[in-house]
Engineer: 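Sharing a structure here in structure tokens format.
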Number of protein chains: 2
Amino acid sequence: MLKQPSAGGDDGLRFSPLVVVELSPDAKEEAIAWLLSKISDSEQNGGAGLLVNQLWSGTAETEKDNRNVFLVGASRQRLLSGAEDLGLFKEFNDGSMRAFTSANRDNFKDFKGDGDGFLSTAECQYIVKHELDSLRAKNETHIPGYEKAKLYPGKSIIRRMQSKGILVQVFPLHETEELKRLSFSWYKKVKLSLQPLDEIRHYYGEGMALYFGFLEYFTFALVPMALVGIPYYLFDWENYDKYVLFAGFNLVWCTVILEAWKRSSATMAYRWGTLSRKKAFEEPRPGFHGVLGFNPVTGREEPLYPNTKRLLRIYLVSVPFVLLCLYLSLYVMMVYFLMEGWVLSVHDAEPTFWTAVLSFVPSVIYAVVIEVMNLIYRYAAEFLTGWENHRLESSYQNHLVLKVLVFNFFNCFASLFYIAFVMQDMVLLRQSLATLLITSQILNQVMEAFLPYWLQRRRNKKMMRRARKRAIPGQTEMPLADQVRLEADMSTYLGTFDDYLELFLLFGYVSLFSCVYPLAAVLVVLNNITEVYSDAFKMCHVFKRPFSDPAANIGVWQLAFEAMSVIAVVTNCALIGMSPQVKSYFPESETQLIMWTAAIEHGLLALKFILTFVIPDVPKHIQTKLARLEFESLEALKKKKMLQATVQ
Amino acid sequence: MLKQPSAGGDDGLRFSPLVVVELSPDAKEEAIAWLLSKISDSEQNGGAGLLVNQLWSGTAETEKDNRNVFLVGASRQRLLSGAEDLGLFKEFNDGSMRAFTSANRDNFKDFKGDGDGFLSTAECQYIVKHELDSLRAKNETHIPGYEKAKLYPGKSIIRRMQSKGILVQVFPLHETEELKRLSFSWYKKVKLSLQPLDEIRHYYGEGMALYFGFLEYFTFALVPMALVGIPYYLFDWENYDKYVLFAGFNLVWCTVILEAWKRSSATMAYRWGTLSRKKAFEEPRPGFHGVLGFNPVTGREEPLYPNTKRLLRIYLVSVPFVLLCLYLSLYVMMVYFLMEGWVLSVHDAEPTFWTAVLSFVPSVIYAVVIEVMNLIYRYAAEFLTGWENHRLESSYQNHLVLKVLVFNFFNCFASLFYIAFVMQDMVLLRQSLATLLITSQILNQVMEAFLPYWLQRRRNKKMMRRARKRAIPGQTEMPLADQVRLEADMSTYLGTFDDYLELFLLFGYVSLFSCVYPLAAVLVVLNNITEVYSDAFKMCHVFKRPFSDPAANIGVWQLAFEAMSVIAVVTNCALIGMSPQVKSYFPESETQLIMWTAAIEHGLLALKFILTFVIPDVPKHIQTKLARLEFESLEALKKKKMLQATVQ
């Protein structure tokens with residue numbers, strides 16, 4: 001049943017698969033045929049103009065294997081016109097980044113001959129995905145063979161098939177050779193160099209490269225804090241005035257590194273051409289539902305859902321639910337303190353080695369409980385945010401991130417706040433901070449890297465065994481069919497959310513109470529170094545290749561980190577104000593002390609805001625380049641008009 | 001010497017003057033002829049393609065009159081193409097605002113026939129001004145007749161002539177009839193309706209209309225505060241708990257009105273078509289100088305000035321100077337308190353009616369001194385900001401506003417802060433606040449309205465007498481020549497800076513210490529009502545007509561007002577914390593009280609930021625409209641491409 005490509009030029013014969021479309025094994029023939037014809041039909045006929053091939057073209061070897069796996073590719077011509085539609089930025093002859101247009105294709109730097117190798121595979125896959133996503137129903141009322149899978153004009157076909165379970169998954173293929181090269185330069189060789197961010201971007205897209213860029217930047221940014229922290233820890237400097245110095249240093253440092261990150265992120269995004277790329281009009285997310293109506297912006301028929309209803313759901317259900325969860329988390333915290341008190345009383349009554357060990361048990365249990373609660377809450381938050389029925393994926397993501405952030409922050413740090421400001425017990429604070437930080441680091445590394453790795457290994461072995469059985473002797477490369485089968489079974493990478501969240505919480509441990517436990521920065525730096533390796537490994541070998549995501553910045557996380565650094569100013573000032581060294585300066589009046597602390601804190605906050613304002617987010621030389629591009633396009637427009645006027 | 005218009009279509013004969021160009025009386029003939037030829041030359045020849053007429057075409061009546069006054073107009077065709085170049089937004093057939101293009105001129109709402117009356121006079125004058133400003137030297141090395149007035153390719157001719165004193169002024173003409181109608185509906189009739197903002201915008205442009213809109217909005221927004229304040233004042237409620245309620249109300253109110261203003265400003269800017277208008281590339285401001293080089297953005301030859309040098313000037317000279325001035329202002333304040341103390345001691349020793357009157361004298365003197373210092377500082381700030389040599393007018397304005405704001409804020413409120421938080425004397429605070437507020441209001445009204453009015457009246461009378469001498473009996477309308485002469489002698493309106501600054505300081509008096517003097521809001525409301533009338537009067541009769549300025553918002557002032565409302569949260573919380581009523585809740589521990597105050601203050605600040613974030617700056621329905629425009633232009637582009645592809 002090999003489909004002949006119906007569209008495409010002279011290079012249509014050299015079919016190179018880009019994206020895998022896996023349909024359910026029991027999908028009806030007519031639905032499959034309909035989808036395939038939609039994919040391969042020319043654009044004039046409402047198709048995507050892509051090439052499609054069935055993976056097993058004839059002999060299915062085992063009955064268990066899913067026959068309904070299709071490979072999608074595209075002619076070079078199609079990909080270039082797709083790149084133009086998407087407004088992809090590529091490097092121009094003069095070194096600037098410009099939106100690709102066929103008209104002046106020869107002025108782009110790497111465009112040679114007919115454009116072979118001009119687009120990276122990640123870009124091609126992104127284009128194919130976009131074309132698949134924008135396959136829309138015309139006058140079909142339902143998917144052929146599925147009466148219940150309703151369609152209306154303009155509904156995305158892929159999304160409807162996905163939500164009805166007819167389509168199992170769509171994922172891009174790995175390139176074995178390039179992956180090998182990337183993983184070697186990334187984490188396999190012992191090296192002193194940085195991560196190959198440009199290569200990561202080339203293979204995984206901008207969003208992923210920005211995450212790894214941020215991880216690397218964050219690690220380096222913490223090194224000075226770690227270096228300053230080590231002598232404090234070794235020589236027990238906490239009992240001296242230098243303690244205030246350390247907190248002061250941290251405050252300034254947190255602000256500076258976040259501002260500097262914005263600039264370096266803008267520099268990267270400019271180099272990668274995502275900084276000035278205009279976003280296309282956003283389509284509704286797959287799960288969005290509502291009464292059919294006309295979109296006030298596009299005039300197209302699509303489900304509508306009143307904003308007031310959504311706001312009611314948010315403020316009357318989601319917000320109370322989050323508050324309830326926060327209360328529950330507080331309750332668990334109080335139980336922990338009861339346990340802690342009981343253990344301590346046991347230890348004080350009869351101090352032995354085992355009671356000393358026992359004294360750490362409540363903290364460890366609490367740390368585990370926190371992680372479990374975070375996990376459960378995460379599911380609840382996803383359900384709730386889905387139920388809020390956001391039209392756009394971006395607004396869904398923002399609401400989800402916000403919900404998860406608030407709870408995680410509260411869950412992880414509430415006990416520390418309680419110990420610091422209600423109990424005012426600095427020794428307990430240091431101990432809790434250390435236990436929480438270390439436990440959560442260990443748990444994270446296990447959950448995030450070793451567990452998926454182990455599962456993947458088991459799965460791989462089984463697959464390899466089966467593949468070897470039917471492999472042609474002497475052939476070292478894995479046949480395409482096996483590669484597809486192998487990758488289809490890999491776990492799906494769910495985006496950078498959890499990775500950023502982890503960094504966010506680590507940032508909290510370092511910045512909020514840093515002066516109490518100077519070793520925190522050291523631990524986080526060590527954790528981040530292993531994190532780079534384990535994240536790199538899991539991207540290359542544990543997960544399916546994700547579609548690239550042309551991000552220009554780290555989005556809502558920049559805000560989250562900035563909010564954390566504001567809170568850090570408040571907590572650190574309070575800690576300093578409470579320190580006995582500072583108290584001794586105001587022996588007669590505590591009121592005076594608090595007043596001064598508050599005044600200095602307000603001054604620092606004001607300074608922070610002024611700094612945020614004064615330091616431009618985009619470096620000067622990039623601003624100039626962007627301005628030049630804009631100016632040139634304006635001039636071109638003017639010239640065109642002048643020309644027209646002269647001709648007339 | 002009546003110049004024949006060299007460009008322009010069939011309507012070139014009906015010359016209607018728009019803008020007056022006044023050259024120095026002793027300007028050299030060759031320079032004048034050169035400028036006039038530049039103005040009237042067609043665009044292809046590097047001219048502006050405008051029409052120009054000498055005012056006195058033959059018989060100069062008095063020797064004193066300046067003969068070198070020229071009237072500039074333009075053909076309808078020229079104005080329409082200028083509107084297109086500038087990207088002026090006009091109302092479309094479907095009620096939305098779109099950038100005007102000749103291609104679909106007939107789809108614009110008020111475009112009838114050949115476009116008579118389509119552009120308002122203010123718009124025409126703005127176009128003419130833009131065309132005059134962009135008259136650039138080609139290969140002239142200096143202005144003919146003036147060896148020292150150097151030119152280089154691309155230098156604005158008008159600006160060079162202005163900086164060399166050859167050109168005295170360029171100003172738009174009033175329309176007598178329309179001005180009469182506007183001033184009648186604006187301030188002459190006794191009315192309950194609002195200001196005619198659309199008409200103001202039509203006559204003076206968006207920047208001015210936004211100022212009057214803000215003034216009106218601000219006045220209405222203060223009415224609830226005034227209403228709440230009156231009973232507090234009348235029944236001496238300050239001594240009760242309600243005092244806390246009043247401060248709490250003010251806090252919330254300040255935040256809400258500023259957020260609501262952003263939305264209502266966006267609504268107006270959308271209606272007037274400035275919200276989505278793209279800014280053209282900004283040219284260097286007239287006073288900017290530097291070594292000739294190539295602009296990295298445009299590639300054009302123009303003076304360049306290194307940014308580092310400017311930053312050095314700012315941080316090594318301007319900032320220290322501002323700090324010195326602040327110190328001086330503090331010094332003056334301390335002298336005031338010495339005087340105040342001496343007067344009080346005299347009054348206490350022998351209390352008579354005259355010593356009671358005397359006790360107000362230091363405050364009044366201080367208020368006057370503050371105003372004088374503000375004035376002197378203003379000149380210094382203008383000089384310094386000019387010396388910093390900013391390339392763009394906008395950046396010059398921002399630096400100037402910042403300098404003036406900081407000093408004015410400090411100068412006006414330092415003494416109040418000192419009384420409130422160092423002396424903690426609420427009675428003195430109330431008295432000082434009242435004196436400062438009332439004195440500055442009276443001074444402002446005198447300086448701003450009566451003085452220019454009186455000067456103008458004297459000047460007008462002289463002019464009218466002269467005009468009447470040569471007037472033709474029976475003719476009621478003033479001849480054009482007299483009108484031009486009259487307007488040329490009027491003062492130039494220097495922009496909305498001082499008007500906004502005044503509102504900013506009034507907002508400070510109301511919000512910072514409102515709970516101490518509840519009558520402040522009442523006084524400010526009364527002041528604003530008269531302000532509307534005096535500002536309207538001075539715009540119509542005291543000043544030259546200003547060029548319109550297509551602003552989309554009140555710019556840096558929004559930020560200034562928001563900063564003030566943040567400071568107000570801090571001061572009000574502190575005042576509440578210091579009140580005896582609140583203190584009585586914490587009889588045993590002052591520390592507890594301060595902690596609670598600080599905690600609540602932090603909560604309020606956090607709430608403020610969350611509110612700023614949650615409330616969208618642009619109302620939903622306008623967001624939708626903007627999105628629709630963007631979507632339509634994207635679709636049009638796509639269709640065009642599709643069509644091209646089909647044709648090929």
Side-chain angles (χ1 to χ4, degrees), chain A residues 43-44 81 84-85 87 101-103 278-282 295-300 307 402 421 559 563 566-567 570 573-574 577 589-595 597-599 601-602 605-606 609-610 613 620-621 623-632 634-635 637-638 641-642 644-646 648, chain B residues 43-44 81 84-85 87 101-103 278-282 295-300 307 402 421 559 563 566-567 570 573-574 577 589-595 597-599 601-602 605-606 609-610 613 620-621 623-632 634-635 637-638 641-642 644-646 648:
Chain A
E43 284 168 282
Q44 277 85 348
S81 85
E84 192 173 349
D85 284 351
T101 52
S102 295
K278 285 196 187 73
K279 270 206 179 150
F281 181 76
E282 269 189 283
N295 182 309
V297 173
T298 60
R300 285 185 194 148
N307 203 28
L402 196 69
F421 301 116
L559 247 167
V566 169
I567 299 172
V570 180
C573 282
S589 148
E590 207 175 353
T591 317
Q592 279 266 313
L593 164 68
I594 301 177
M595 296 282 247
T597 311
E601 185 235 293
H602 280 83
L605 284 178
F609 282 101
I610 292 172
F613 228 79
K620 187 85 190 168
H621 67 279
Q623 279 179 23
T624 308
K625 283 177 188 165
L626 292 178
R628 184 164 58 208
L629 280 188
E630 185 135 336
F631 176 77
E632 279 174 16
L634 275 179
E635 286 297 292
L637 211 77
K638 252 189 212 163
K641 241 179 239 165
M642 282 281 238
Q644 281 175 348
T646 323
Q648 281 168 6
Chain B
E43 282 166 283
Q44 277 85 347
S81 85
E84 193 173 349
D85 284 350
T101 52
S102 294
K278 286 196 187 72
K279 268 201 180 156
F281 180 77
E282 269 188 282
N295 183 311
V297 173
T298 60
R300 284 186 195 148
N307 203 29
L402 196 69
F421 301 116
L559 247 167
V566 169
I567 298 173
V570 180
C573 282
S589 149
E590 206 177 353
T591 316
Q592 279 266 313
L593 163 68
I594 301 177
M595 295 282 247
T597 311
E601 186 236 353
H602 279 82
L605 284 177
F609 282 100
I610 292 171
F613 229 80
K620 188 85 190 166
H621 66 279
Q623 277 177 24
T624 309
K625 282 179 190 164
L626 291 178
R628 183 163 59 209
L629 279 188
E630 186 135 334
F631 176 78
E632 279 174 15
L634 274 180
E635 286 296 292
L637 212 75
K638 255 190 212 165
K641 243 178 240 169
M642 282 280 241
Q644 281 173 349
T646 323
Q648 281 166 6

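Naming convention: chains lettered A, B, ... in sequence-line order (proteins, then strands); numbering from 1 in each chain.
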Engineer: Could you tell me which portion of A/L559 (side chain, backbone, both or neither) has an atom closer than 4.5 angstrom to a non-hydrogen atom of chain B?
Structural biologist: side chain
Engineer: Please classify the contact of A/K620 with chain B as side chain, backbone, both or neither, using a heavy-atom distance under 4.5 Å.
Structural biologist: side chain
Engineer: Look at the side chain of B/R628 and the backbone N and O of A/P296, then say whether any donor-acceptor pair between them is shorter than 3.5 Å.
Structural biologist: yes
Engineer: Between atom NE2 of A/H602 and atom CG of B/L605, what is the distance when rounded to the nearest 0.5 Å?
Structural biologist: 6.0 Å
Engineer: Using heavy-atom distances under 4.5 Å, tell me whether A/F613 contacts chain B through its side chain, its backbone, both, or neither.
Structural biologist: side chain
Engineer: Report which part of A/V570 has an atom under 4.5 Å of a heavy atom belonging to chain B: side chain, backbone, both, or neither.
Structural biologist: side chain
Engineer: Name the region of A/E601, side chain, backbone, both or neither, that has any atom closer than 4.5 Å to a heavy atom of chain B.
Structural biologist: side chain
Engineer: Over 60° means perpendicular and under 30° means parallel, so tell me whether B/F609 and A/F609 are parallel, tilted or perpendicular.
Structural biologist: parallel
